[in-house]
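A short worksheet on the structure shown next.
Predicted model, so just to flag it, every value in this text is computed and none were measured. Sequence lines set the chain letters: A, B, ... in the order given, protein chains first and strands last, and positions in each chain run from 1.
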Amino acid sequence: MSRLNARKLKEKAFLACVGALTFLAILPLFHIILSVAAKGLPVIAERGWKFITGTLSEGGIGPAVAGTFLLTFLAALFGLPVAFLVGLYAYEFPNSTIGRWTKTLLQIMLEFPTILVGVFVMQILVVPRGTYSSIAGALALAIILTPYVAVYTHEAMREIPFTYREAAFSLGLTRAKALFRILVPMAKRGILTGVLIGLAKVAGETAPLLFTAGGLYESYPDSITRPVGAIPLLIYQLVQSPSKTDHQTAWGASLVLLLIFLGIFIPIRLSLREVKL
Amino acid sequence: MNYAIETRNLNVYYGSNHVIKGVDLKIPEKGVFALMGPSGCGKSTMLRTFNRLIELNESARVEGEVRLFGENIYSPDVDPIEVRKQVGMVFQYPNPFPHLTIYENVAIGLKLNKLLPKDEIPKRVEWALKKAALWDEVKDRLDDYPSNLSGGQKQRLVIARALAMKPKILLMDEPTANIDPVGTAKIEELLFELKDEYTIVLVTHSPAQAARVSDWVAFLYLGKLIEVGPTRKVFENPEHELTEKYVTGALG
């Protein structure tokens, strides 16, 4: 009887331990969300719509919001087609030399220090052209976006059971038709997940923009060859300022960034399930 | 006599693994020809040489000849894609495309291969579904996805998908292995109806099934063709000791 109790006690203690550690691990997430909401909400409530649309001297972050959307859009435009095709290539030719290298290189790119990407783009675009620009910022973000989308595309394609590949080819389809008309549509949810995760990631990036985007907070961006602002970049700059108003603006901007990020991320997790096989 | 399928000294290797060992086989036109044998004897591999689907496996190497209606499909000027358009295939796992509706699953081969003018496709889809004895069960839900069909219905949908392209030969790789007994009976019934018009090659690991549905049977063991002949003869009066052991259940 006492042995049984000791065994049950041990199990309870272990469960409590695992539970406490799990709580500790996710605590920062909730703390970030709550403190950003608690400090950002009053700022936005006080300044109203002008916070989202106005320029910095008007107490708003409009140009930065526009800049973030512009940069994300351009990065998607540059990065998605390349990333998608790279992922497909790695799936379709896994044993070719390039295919094997592609997989390894993508893994490295995934973990690559993002600031180095910024330095690289500065050297090839910003220095020669003599100015920061949306194009430079977007190129840096596209380089960060590419491995996410490529790896997710590759994984999504690999999850398709081999029997469907056989079925597609048994119908007398060419490789291109089997791939693009049957297998890719089958994996589209997985691929889309990768696209959205990549977009959410680059929408929140700061380091690659430091030497490439430049910053633009007193007027809206009107050309992709001129400097542009972004919410994370603005937060970085405002936090370094001694002014209290700037700090408040930074908290408000943080909340906006968080909402954009969650707005992309939560739908992925909720609605994008795999195709029912 | 012209055979639907004829192999001459067919050898298949996976890497250095020799899985089909010098098989000479003649499969007559029309009727059900069963390829039976225990698991791993090479029957699925052999089936995949008849439409060159084996080439999806990069380590596979085929030597010898496979002739479809007299033409060697392994001769260098033959395009495997054209071969596959004339040879339908049904698989061990019922695999209708899950992201396409029931209708689209049957129409997809016609559509992507541009085999029919657009306005004739609906009629052909109906024809194929009727031929596969599925029409009555799905005619009111052609726009549903196949995930709600039973295993047997999915398999008949795959049969319809293959039939829609009007192939001359139908390859079936253990089509009832993952189907319940009722669904199995329906598919076997279907074979009886189709065999007057098509050459059906049925791979099965069950001697009982081969005895029930086939007109001719070949017994494959460890990559070698042991015995081939009319089903009745092979089952009632086998020439080879291994065949006798297999059909009486004494062998895997």
Can you tell if the side chain of B/H99 reaches within under 4.5 Å of the side chain of A/I182, non-hydrogen atoms only? yes
For chain A, the option from B/Q86, B/R48, B/M89 that forms the most heavy-atom pairs under 4.5 Å: B/R48
Heavy-atom nearest pair, B/K85 first then A/G172, reads CE-O, 3.5 Å
Bottom line for B/P167: the part with an atom under 4.5 Å from chain A's heavy atoms is neither
Working note: B/I81 + A/F169, criterion side-chain contact (heavy atoms from CB on, under 4.5 Å); need CA distance, chi angles, decisive distance, verdict. CA-CA 8 Å; B/I81 286 159; A/F169 278 91; over 6 Å; no
Can you tell me if CZ on A/R181 sees more than 12 non-hydrogen neighbours from other groups inside 6.0 Å? no
Has A/F69 got more than 12 heavy atoms of other residues, nucleotides or ligands less than 6.0 Å from its CZ? no
Take atom CZ of B/F50 as the centre, draw a 6.0 Å sphere, and report whether it contains more than 12 heavy atoms from other residues, nucleotides or ligands. yes
Just wondering, are more than 12 heavy atoms of other shown residues or ligands nearer than 6.0 Å to CG in A/L85? yes
With a 4.5 angstrom heavy-atom cut-off, is it the side chain or the backbone of A/A178 that approaches chain B, or both, or neither? neither
Given a strict heavy-atom distance threshold of 4.5 Å, which part of B/V90 is in contact with chain A: side chain, backbone, both, or neither? neither
Could you have a look at B/K111, B/M165, B/E55 and say which one has the most heavy-atom pairs with chain A under 4.5 angstrom? B/M165
Looking at A/L171, is its backbone amide N or carbonyl O close enough to the side chain of B/N113 to form a donor-acceptor pair, meaning the two atoms are under 3.5 Å apart? yes
Quick one: does B/F91's side chain get under 4.5 Å of A/S170's, heavy atoms only? yes
Does atom CZ of A/F73 have more than 12 heavy-atom neighbours from other groups under 6.0 Å away? no
Would you please classify the geometry between the B/Y93 ring and the A/Y164 ring as parallel, tilted or perpendicular, with 30° and 60° separating the classes? perpendicular
Spatial distance of atom CZ (A/F180) from atom CG (B/L112) [nearest 0.5 Å]: 13.5 Å
Using 0.5 Å steps for rounding, measure from the CG atom of B/N95 to the OG1 atom of A/T163. 3.5 Å
So for B/L100, is it side chain, backbone, both, or neither that comes closer than 4.5 Å to the heavy atoms of chain A? neither
Does OH belonging to A/Y220 count more than 12 external heavy atoms closer than 6.0 Å? yes
